[in-house]
Protein chains: 2
Amino acid sequence: MTMDAKKRKRLEAAGWTVGDARDFLKLSPGEAALVEMRIALSRSLRERRLDAGLTQIALAKQLGSSQSRVAKLEAGDASVSLELLIRALLAIGASRRDVANALARRVA
Amino acid sequence: MTMDAKKRKRLEAAGWTVGDARDFLKLSPGEAALVEMRIALSRSLRERRLDAGLTQIALAKQLGSSQSRVAKLEAGDASVSLELLIRALLAIGASRRDVANALARRVA
DNA sequence: TTGACATATGTCAAATTGGGCATAATATTA
DNA sequence: TAATATTATGCCCAATTTGACATATGTCAA
């Protein structure tokens, strides 16, 4: 994890809400893009799961994972990788293009 | 790692070339998509690096990583995650949309 | 050829991520 | 309201991923 991400975690743990993370924390464009991707994928995952009428437990089963991890996936928790996020999307039937679209989706 | 991915590794280690991995190994659509994404991102990474006139060492430095890992990234090695692949693309200046496009790119 | 540079591959300790459990918080329904 | 279902969060530690290193292989010009 990068320095800035650690800093953010510390701040959030201390009860701060980070309004505009991008320049407040001076994230590099790449770091910012990564955060945005995580958010975009998280949201798509939740939408797809709900559209499919699945509970987190049901999705976890399809994924071969646990409810708690699905909750973290959808929360964009720092402990989940893009890798797992993408696996999860594929697990509920998203195509490669669907994932690409989700990835590029606006989140601001 | 999944069962089938392990199987593929064993086969490749034994000297086999996997022509059409998709149905020979009976990968699920999701697993196949994941493999394709890895390949697509790997290729985009190498193209971008070469276009930028960078060596693997130079890119490794920008990434905060090592030459060997960059080599593995470009080789689509099983030991690299989509996460790192995406970080690498962002590190050489790809935008979120660029990554999305790369991800969806045809590889067959 | 040799030498210099670039890339590939194997290994391993350290760091990150994952699964699963317990439990808390938050709906939702009777 | 209480009971039930769903989602969130913290924790542990096993598994995976990573950076770094050594070394092998490949490339190309002198």
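The sequence lines fix the lettering, A, B, ..., with proteins before strands; numbering per chain opens at 1. Heavy atoms only: backbone and side chains are in, while hydrogens, waters and symmetry mates are out.
Across all strands shown, the partner of dT23(C) is dA8(D), judged by Watson-Crick or G-U wobble contacts whose two distances both fall under 3.5 Å.
Summarising the geometry, the separation between CG on L50(A) and C1' on dT7(D) is reported as 11 Å, rounded to the nearest angstrom. With rounding to whole Å, L82(A) atom CG is found 12 Å from dT17(C) atom C1'. Distance I86(A) CD1 to dG18(C) P: 11 Å, rounded to the nearest Å. dT7(C) atom C1' lies 15 Å from atom CG of L54(B), rounded to whole Å. Atom CG in L84(B) sits about 12 Å away from atom P in dA20(D), given to the nearest Å. Regarding E83(B), its CD atom lies at a distance of 13 Å from the C1' atom of dG18(C), rounded to whole Å. Put simply, CG on D77(B) is 17 Å from P on dT7(C), counting in whole angstrom units. Following rounding to the nearest Å, R69(A) (CZ) and dA15(D) (C1') show an atom-to-atom distance of 12 Å.
With sequence neighbours excluded, the residues satisfying side-chain contact (heavy atoms from CB on, under 4.5 Å) with A104(B) are R97(A), A100(A). Take S42(A) and apply the side-chain contact (heavy atoms from CB on, under 4.5 Å) test, not counting sequence neighbours, and it matches L85(A).
Smallest separation of non-hydrogen atoms from A102(B) and L41(B): CB-CD2, 3.9 Å. Across all their heavy atoms, G30(B) and L90(A) have their closest contact at O-CD1, 3.4 Å.
Side-chain contact between L73(A) and L59(A) is absent, with no heavy atoms from C-beta onward closer than 4.5 Å.
Closest to the S68(A) side chain, of the nucleotides dG18(C), dT7(D), dA22(C), is dA22(C). With distances taken from any side-chain atom of S81(B) to the nucleotides dT17(D), dT9(D), dG18(C), the minimum falls on dT17(D). For A71(B), the listed nucleotide lying nearest its side chain is dT9(C); candidates were dT6(D), dA6(C), dT9(C). Considering only side-chain atoms of Q56(B), the nucleotide from dT7(C), dT6(D), dG19(D) that sits closest is dT7(C).
Hydrophobic clustering keeps M37(B) apart from V35(B) (ILVMFWY residues linked when any side-chain heavy atoms are closer than 4.5 Å, directly or through intermediates). Cluster annotation: L34(A) and L103(B) are assigned to the same hydrophobic cluster (Ile/Leu/Val/Met/Phe/Trp/Tyr, side-chain heavy-atom contacts under 4.5 Å, transitive).
In this structure, V80(A) reaches the sugar-phosphate backbone alone: every heavy-atom distance under 4.0 Å involves primed, P, OP1 or OP2 atoms, never a base. Among the atoms of the strands shown, base atoms are found under 4.0 Å from some heavy atom of Q67(A). In this structure, S66(A) reaches the bases: a heavy-atom distance under 4.0 Å links it to at least one base atom across the strands shown.
Looking at residues 40-49 of chain B, you'll see R46(B), R49(B) sit with a heavy atom under 4.0 Å from some atom of DNA chain C.
Under 3.5 Å, the side chain of K72(A) and the base of dG19(C) form no donor-acceptor pair of N or O atoms.
Using a cut-off of 4.0 Å between Lys/Arg side-chain N and Asp/Glu carboxylate O, E83(A) and R38(B) are scored as salt-bridged.
Map I57(A) and L85(B) each onto its nearest nucleotide of DNA chain D; the residue landing nearer the 5' end is I57(A).
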